[in-house]
Amino acid sequence: MSLNRNEKAAVIEDVAAQAAKSQTLAIAEYRGLTVEALNKLRVDARSKGVYLHVLKNTLARRAVTGTPFEVAAESMVGPLIYGFSEDAVAAAKVIADFSKGNDKLVIKGGAYAGKALNADGVKALAAIPSKEVLLSQLAGLLKSPVQRTAAVLAALAEKKGGGAEAAAPAEAAA
């Protein structure tokens, strides 16, 4: 079923709005995927905040015109599914993770920060830990020196016998 002119304009407007607020575009060929597998991919993408949509390539090219994703226009050939995400790695991660378990989904390319990515670039982007993981790693690094300093000071206080535990029996004896 083909779309009329107004429906096409609405699709272009919707995708352009999504592209305007996204950091990453990941493109994959879905030829041979079952409906069940495609639905599973969509559910996974939705849960991770990724806008995943099967689009006509001409509509996708028009929608990304004037955006940082315009550089990926030459990758837009064949039956493709487009994943946009506000998180820098979410779209790439969803598509790369799904393609590991399903050889029918083939990563074709994408775009990040105004630069076109090939399939290896999308996989490399997907290998980067998520923002939450990076923040927790940073917090762990910042907490580590403070913890070590506190442990050293506690050991020194215990060694010299100046701790609160040592003072309590001395007061009881007096």
Side-chain angles (χ1 to χ4, degrees), residues 11-149 151:
V11 168
I12 290 171
E13 186 178 316
D14 181 42
V15 174
Q18 190 62 41
K21 62 182 181 179
S22 296
Q23 289 188 42
T24 307
L25 167 64
I27 304 169
E29 186 175 309
Y30 64 93
R31 189 178 314 204
L33 273 181
T34 63
V35 173
E36 182 181 320
L38 204 51
N39 284 339
K40 184 179 178 205
L41 175 61
R42 285 185 170 128
V43 167
D44 186 35
R46 197 174 305 120
S47 72
K48 294 183 178 154
V50 176
Y51 174 86
L52 200 63
H53 209 357
V54 173
L55 297 167
K56 288 185 126 189
N57 296 326
T58 54
L59 296 179
R61 280 190 212 100
R62 286 184 186 155
V64 299
T65 300
T67 69
F69 304 120
E70 189 172 16
V71 295
E74 52 187 62
S75 299
M76 298 178 182
V77 178
L80 300 175
I81 191 162
Y82 296 84
F84 290 93
S85 67
E86 292 180 42
D87 182 349
V89 298
K93 191 175 287 293
V94 165
I95 288 179
D97 288 349
F98 192 82
S99 70
K100 288 177 189 172
N102 195 324
D103 61 343
K104 302 276 189 207
L105 187 73
V106 180
I107 299 171
K108 289 296 185 178
Y112 174 72
K115 293 192 170 65
L117 301 173
N118 60 11
D120 292 333
V122 172
K123 289 176 186 173
L125 188 62
I128 296 172
S130 69
K131 181 180 176 181
E132 292 79 20
V133 171
L134 289 173
L135 287 175
S136 66
Q137 288 175 347
L138 179 63
L141 287 172
L142 293 174
K143 182 177 135 187
S144 179
V146 174
Q147 262 185 329
R148 276 194 245 125
T149 304

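Predicted, not measured: the structure shown is a model, and the values here were computed from it.
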Strictly distance-based, threshold 3.5 Å: is any side-chain N or O of Ser144 a donor or acceptor partner for the main-chain N or O of Gly140?
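Not a single qualifying donor-acceptor pair exists.
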Could you check whether any side-chain N or O of Lys93 sits under 3.5 Å from a backbone N or O of Ala126, counting only pairs where one atom can act as donor and the other as acceptor?
yes
Which donor-acceptor pairs under 3.5 Å do side chains of residues 67-88 form with protein atoms, sequence neighbours excluded?
from  : atom 1 : to    : atom 2 : distance (Å)
Thr67 : OG1    : Val64 : O      : 2.6
Thr67 : OG1    : Phe69 : N      : 3.2
Glu70 : OE1    : Gly66 : N      : 3.2
Tyr82 : OH     : Asn57 : OD1    : 2.6
Ser85 : OG     : Asp87 : O      : 2.6
Ser85 : OG     : Ala91 : N      : 3.1
Asp87 : OD1    : Val89 : N      : 3.3

Heavy-atom side-chain contact between [X] and [Y] under 4.5 Å:
{"X": "Asp14", "Y": "Tyr51", "result": "yes"}
{"X": "Ile95", "Y": "Val50", "result": "no"}
{"X": "Asn39", "Y": "Glu36", "result": "no"}

Report the C-alpha separation of Val146 and Lys143 in whole Å, then their side-chain angles, then the decisive distance to 0.1 Å, and conclude whether the side chain to side chain contact (heavy atoms under 4.5 Å, CB included) test is met.
CA-CA 5 Å; Val146 174; Lys143 182 177 135 187; 5.7 Å; no
Could you pull out all residues at least two apart from Arg31 that satisfy salt bridge (charged side-chain N to carboxylate O under 4.0 Å, His left out)?
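With neighbours one apart ignored, the set is Glu29.
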[atom2] on [Y] to [atom1] on [X], rounded to 0.5 Å:
{"X": "Leu59", "Y": "Glu13", "atom1": "CG", "atom2": "CD", "answer": "13.0 Å"}
{"X": "Leu41", "Y": "Leu105", "atom1": "CG", "atom2": "CG", "answer": "6.0 Å"}
{"X": "Lys40", "Y": "Thr34", "atom1": "NZ", "atom2": "OG1", "answer": "10.0 Å"}
{"X": "Leu33", "Y": "Leu38", "atom1": "CG", "atom2": "CG", "answer": "6.0 Å"}

Minimum heavy-atom separation for Ala96 to Ile107, with atom names?
CA-CD1, 3.8 Å
For Pro129 and Leu134, which heavy atoms make the closest approach, and how far apart are they?
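Residues Pro129 and Leu134, closest heavy atoms: O-CD1, 3.7 Å.
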With a 3.5 Å cut-off and sequence neighbours excluded, list the donor-acceptor pairs that the side chains of residues 110-123 form with protein atoms.
from   : atom 1 : to     : atom 2 : distance (Å)
Asn118 : OD1    : Asp120 : N      : 3.2
Asn118 : OD1    : Gly121 : N      : 2.7

Between Asp44 and Lys48, does at least one N-O distance fall below 4.0 Å, as a salt bridge requires?
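Looking at Lys48 together with Asp44, the answer is yes, because their closest N to O distance falls below 4.0 Å.
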Checking Thr58 against Arg62: is there a side-chain donor and acceptor pair closer than 3.5 Å?
no
